[in-house]
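Input: a single structure, listed below in structure tokens.
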There are 2 protein chains.
Amino acid sequence: MISRPPRPRERGIPEATVARLPVYLRALQALQDRGTATISSEDLAGAAGVNSAKLRKDLSHLGSYGTRGVGYEVEYLVYQISRELGLTQDWSVAIVGIGNLGRALANYGGFGTRGFRIAALLDADPEVVGRSVASLDVRHIDNLEEVVRDKGVSIGVIATPAGSAQGVADRFVEAGVTSILNFAPVVLNVPDGVDVRKVDLSIELQILAFHAQRRADGDGPGAAERAGLEVT
Amino acid sequence: MISRPPRPRERGIPEATVARLPVYLRALQALQDRGTATISSEDLAGAAGVNSAKLRKDLSHLGSYGTRGVGYEVEYLVYQISRELGLTQDWSVAIVGIGNLGRALANYGGFGTRGFRIAALLDADPEVVGRSVASLDVRHIDNLEEVVRDKGVSIGVIATPAGSAQGVADRFVEAGVTSILNFAPVVLNVPDGVDVRKVDLSIELQILAFHAQRRADGDGPGAAERAGLEVT
DNA sequence: CCCACTTTGTGCGTGCTTTCACAAGCGCGT
DNA sequence: ACGCGCTTGTGAAAGCACGCACAAAGTGGG
Ligand SMILES: NC(=O)c1ccc[n+]([C@@H]2O[C@H](COP(=O)([O-])OP(=O)(O)OC[C@H]3O[C@@H](n4cnc5c(N)ncnc54)[C@H](O)[C@@H]3O)[C@@H](O)[C@H]2O)c1
Ligand SMILES: NC(=O)c1ccc[n+]([C@@H]2O[C@H](COP(=O)([O-])OP(=O)(O)OC[C@H]3O[C@@H](n4cnc5c(N)ncnc54)[C@H](O)[C@@H]3O)[C@@H](O)[C@H]2O)c1
């Protein structure tokens, strides 16, 4: 391992924190819409469904943006989290596989509140290619490289059947897309430096089933807590 | 495959392990379809995209189902994981909010490979109620309690707009549903003993954006690895 | 100016997760 | 029967994550 140059400010935000920042951001934006100017860690934690100490520690990774005795200024915090998450710039998204799910995604208005723009839709089926979905023409998958280049696509969404997903991922990578969101139920194989996240409905259901079964079997006192359930 | 496990089952399977079992199960079923009889932890780990030591430790929580020098018998392991996850019984699922997403979910054939059955669709919009989606009549949300009772619904899926989600969750809980999968971008408030999981597209996109930005900023050597990217 | 009160930022103990490394166990060929 | 090669199962170590509890820092009232 090469020793890194002495960085004055090591910016290593824990992964668990990164995953929660969007939740905080959403809660803050709701507060902002309601006209709230400042909020305590206790209240914000409540709105985000987390422990307040955890929230404070998470925010402390971004810097010291709170005021003791008062709380956090909502607007300022919204800006800081947005900046940290990279939402102050625009991200072009391409969706591949305009079937049931792909269409729902394309039509989904509040895509990512802000920051994300659906730039292109692609499919392989001649029936689908050429149609207009959510005010966008569905292009043929063969144009992927061209579309990525011309539209500056930086995030690829895969909503094809499982069998096609790896191939689509390969083409995304080939075209220079290094962020992929995968809805197909397969493990994608990508080179280092490419970031893949997956959304998997059936895994979520199976986890629910596991806990439900456990609750049904040996439902003694504390069984739910042991299973790590939502506690409010 | 009728004989119950020899020893009293461990009561504490780590949550992280539970979340991976469905991934292993899917990989195993793919192997099964391809006619593979046995597989080593190394190969299965490769197919599931995890470290082989982790895979072995995960499986060890279910029992000692491997054979040293040989590997795991695919069919047996499929059965054991299925049983552990509760997939040997049927789960009735009700979907509330038959909009873009709800329809996609309802039409999604391979819902959970096996074990999950969509038993009911519910909506509040008179335009939607009464229509037939995926061979099911969409019922009015006011019938939720009745539907849950009659169809034996044990898992509730929420695909309504954010503003309605808490209300729907409350009604699910009231009706006795203790497993909820939430697609709406809100933090649900539920009593102890109710299990809520969420699927949140925009959070995933924001996490991708964070890593993409980080890569763009200080893309030095090892930057990708530090960000915890897919490594294959 | 001081004091009572509020709330942040964080040191620290605890428990969970991951990974390494290897002894023990199994099958096969001789 | 025996040894060799392969693979599992698991102790042990290291790394993360969580949440308590409290000092430090700020506010506002008197
Ligand atoms: N529908 C859901 O609710 C849902 C839920 C969870 C997961 N998924 C997963 O999402 C994916 C899509 O599901 P769906 O219901 O929309 O399926 P679908 O069959 O309705 O749509 C798939 C689309 O992908 C296109 N396609 C196929 N191969 C392609 C390729 N090589 N390049 C480009 N396009 C290609 C098809 O033409 C089709 O339009 C599947 O992997 C599914 O398992 C769907
Ligand atoms: N479409 C997507 O791709 C997508 C992606 C991520 C998240 N989501 C989220 O999923 C949810 C649904 O999205 P959508 O695009 O399908 O929205 P949609 O507006 O198309 O559908 C929502 C449906 O819910 C129904 N509904 C509203 N209030 C209800 C109530 N109280 N009881 C029962 N039904 C009610 C509406 O009648 C409508 O049919 C939203 O919260 C959205 O943020 C959607």
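Below, chain A is the first sequence line, B the second, and so on; all start at residue 1.
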Donor-acceptor pair present, A:R68 side chain and C:dT7 base, under 3.5 Å: no
Under 3.5 Å donor-acceptor pair, B:K57 side-chain atoms to C:dT18 base atoms: no
In whole angstrom, what separates [X]'s [atom1] from [N]'s [atom2]?
| X | N | atom1 | atom2 | result |
| --- | --- | --- | --- | --- |
| A:K54 | C:dC12 | NZ | C1' | 17 Å |
| B:I13 | C:dG15 | CD1 | P | 21 Å |
| B:E15 | C:dT17 | CD | P | 8 Å |
| B:E73 | D:dT7 | CD | P | 17 Å |
| A:L62 | C:dT8 | CG | P | 14 Å |
| A:H61 | C:dT8 | NE2 | P | 16 Å |
| B:E42 | D:dC6 | CD | P | 13 Å |

Sugar-phosphate only, base, or nothing, as touched by A:A16 at under 4.0 Å among non-hydrogen atoms: sugar-phosphate
Pair A:Q29-A:D33, side-chain donor/acceptor within less than 3.5 Å: no
Where B:I81 and B:L21 come nearest, the two heavy atoms and their spacing: CG2-O, 3.9 Å
D:dG9 phosphate, OP1 or OP2, under 4.0 Å from B:S64 side-chain N/O: yes
Test side chain to side chain contact (heavy atoms under 4.5 Å, CB included) applied to B:V96 and B:R171, step by step: CA-CA 11 Å; B:V96 176; B:R171 298 193 63 172; over 6 Å; no
Out of D:dA21, C:dT18, D:dT8, whichever nucleotide has its closest atom nearest the side chain of A:R56: D:dA21
Of the listed nucleotides C:dG9, D:dT7, D:dA17, the one nearest the side chain of B:S40: D:dT7
Any donor-acceptor N/O pair, B:Q166 side chain to B:N189 backbone, under 3.5 Å: yes
Of A:P14 and A:T67, the one whose closest DNA chain D nucleotide lies more 5': A:P14
CA sep, side-chain torsions, deciding dist, call: A:R83, A:Q80, side chain to side chain donor-acceptor pair (under 3.5 Å): CA-CA 5 Å; A:R83 192 178 46 75; A:Q80 289 299 342; 2.3 Å; yes
